[in-house]
Amino acid sequence: MAKQQLAVFITLLAFVGPAACQQKGLHICFNGWLKVPSLLSYLLCPPGSRTTNPPPTSSPTTPAPPSGAELSYDYYNNNGSSSYCPSAESLVKDAVKKAIDMDPGHAANIYSSSTEIFVCDDMVNFQGCDASVLLNTTTSKDSPTDTEREGPPNKNSLRGFEVIDAAKAAIEAACPRTVSCADIVAFAARDASSLLSYGSINIRMAGGRLDGRVSFANETDQLPGPFSSLAQLQSSFREKGLTSDEMVTLSGAHSIGKAHCGFFSDRLPPNPSTMDYAFATELEVKCEDNEANMVDQDYQTAYVLDNKFYENVRANKVLFDSDDALKTVREVKQNAEYPEIWERKFEKAMENLGRLVDVKSRREGEIRETCWRVNGY
Ligand code: HEM
């Protein structure tokens with residue numbers, strides 16, 4: 001593009017940007033999933049125009065912590081109720097365990113299929129844990145692919161939906177139309193966390209969620225992204241009623257799984273104050289200038305859910321700007337030095353995440369027969 005054209009383009013953006021950032025439906029800011037040069041970023045979304053700007057801590061609009069009052073433990077064990085399905089939780093565990101046993105190297109996929117899907121599902125829009133991220137067709141027949149699964153942060157990133165489908169098939173055979181996909185995802189996240197931490201992490205996960213009937217790709221821009229700043233990360237979690245400490249605690253899940261080179265290639269070659277030189281050199285070899293290549297998130301114990309992520313943060317050996325942004329947070333040191341403290345906090349934070357259940361979506365929800373499509377479609 002010629003210099004003059006570029007100047008016109010930037011000037012236009014300066015006018016269009018602020019409005020675009022405020023309007024729902026136009027998502028130029030992409031909340032940390034798009035790296036834009038800082039000047040362009042400023043012109044597009046000057047301070048105050050971003051829907052993701054952190055409100056003051058004492059803001060009266062800060063939502064209360066998720067209560068999930070309508071959920072209960074052992075929800076499917078209540079004999080005599082219409083939700084009675086005593087084998088539900090063990091069938092989910094079997095499906096997760098079978099997938100991990102089949103291919104231990106596949107463990108990250110399983111974790112992704114449960115935990116990451118769980119997180120994305122809960123964090124997107126105000127409908128919380130309603131399995132909307134599993135849908136690839138919604139009630140809107142005009143836009144059958146326009147679901148959260150297709151949103152920029154999730155497309156090509158979320159994997160392993162087949163584990164959830166396998167669990168659902170086994171449960172439908174035992175108790176038709178009784179157990180929601182949202183509960184299956186939550187139980188699978190719990191079981192994968194336990195199996196991949198070798199029993200160190202045991203989450204209490206209540207049940208009783210319903211599945212949503214809508215899912216919109218453009219709502220995934222509420223997910224924080226690999227280019228998010230600390231303030232943006234804290235803001236995204238705060239908007240869901242989760243604390244900064246819970247955000248830091250949950251980020252420990254980046255001790256497992258893989259990431260596409262495209263999400264951190266802009267950090268190579270490294271700035272020595274933010275990335276270890278030898279670590280960066282290895283990444284360059286693995287990425288081979290191909291943004292689609294994938295590398296382990298935790299170079300130490302790639303297939304174990306542990307507190308190594310925090311050691312990596314402190315040693316400048318993490319992949320994303322958003323991981324590096326946590327370096328200044330006090331809890332990182334504590335999580336790195338005391339694994340048990342982090343494990344207990346992780347259990348609690350995951351349980352809290354699972355309590356993000358919106359009353360409205362509950363009223364309008366259903367128990368899906370197949371997790372990737374709404375009933376009657
Ligand atoms: C704090 C904000 C977060 C950001 C910005 C973020 C960003 C990312 C990105 C960019 C990837 C790589 C995706 C790809 O290349 O395909 C990723 C992977 C992953 N994330 Fe996060 N994440 C966040 C929080 C979380 C949380 C809270 C959890 C779970 C509790 C989580 C679990 C995972 C897992 C398991 C993977 C590996 C996925 C795989 O192997 O396919 N993340 N994350």
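Read the numbers this way: they start at 1 and go in the same order the structure lists the ligands and their atoms. Side-chain atoms are counted along with the backbone in the values below, which use heavy atoms only and exclude waters and symmetry mates. Note that the coordinates shown come from a computational prediction; the quantities given were computed from them, not determined experimentally.
Listed by number with element, the atoms of ligand 1 under 4.0 angstrom from any heavy atom of A253 are 28 (C), 29 (C), 30 (C), 31 (C), 32 (C). For ligand 1, the atoms closer than 4.0 angstrom to any heavy atom of P226 are 5 (C), 10 (C). Listed by number with element, the atoms of ligand 1 under 4.0 Å from a non-hydrogen atom of P224 are 2 (C), 5 (C). Annotation for ligand 1: atoms under 4.0 Å from non-hydrogen atoms of G257 are 37 (C), 40 (O). Heavy-atom contacts of F320 reach the following atoms of ligand 1: 8 (C), 9 (C), 10 (C), 11 (C), 12 (C) (cutoff under 4.0 Å). Atoms of ligand 1 lying under 4.0 Å from any heavy atom of H260, numbered from 1 in the order shown and given with element: 14 (C), 15 (O), 16 (O).
Only the side chain of S322 comes within 4.0 Å of ligand 1, judged by heavy-atom distances. Contact annotation for L233 and ligand 1: only side-chain heavy atoms (C-beta onward) come within less than 4.0 Å of the ligand.
Counting only distance, with no hydrogens or angles, the side chain of R267 and the backbone of P270 share no donor-acceptor pair below 3.5 Å.
In this structure, the ring of Y299 has its center less than 6.0 angstrom from the ring center of F279.
Salt bridge K333/E337: present, at least one basic N to carboxylate O contact under 4.0 Å. With respect to D245 and K345, a salt bridge is recorded, a charged nitrogen being found less than 4.0 Å from a carboxylate O. Ionic pairing of D324 and K327 is present here: one or more N-O contacts between side-chain nitrogen and carboxylate oxygen are shorter than 4.0 angstrom. Here E347 pairs with R344 in a salt bridge; the nearest charged N to carboxylate O distance falls below 4.0 Å. In this structure, K308 does not pair ionically with D298, as no charged nitrogen and carboxylate oxygen lie closer than 4.0 Å. A salt bridge is absent between K93 and E89; no separation between the charged side-chain nitrogens and carboxylate oxygens falls under 4.0 Å.
Residue S228 places every heavy atom at 4.0 Å or more from ligand 1.
Taking all heavy atoms of M294, H254, Q297 into account, the minimum distance to atom 42 (N) of ligand 1 is reached by H254. For atom 1 (C) of ligand 1, the nearest non-hydrogen atom from the set A189, S251, G225 comes from S251.
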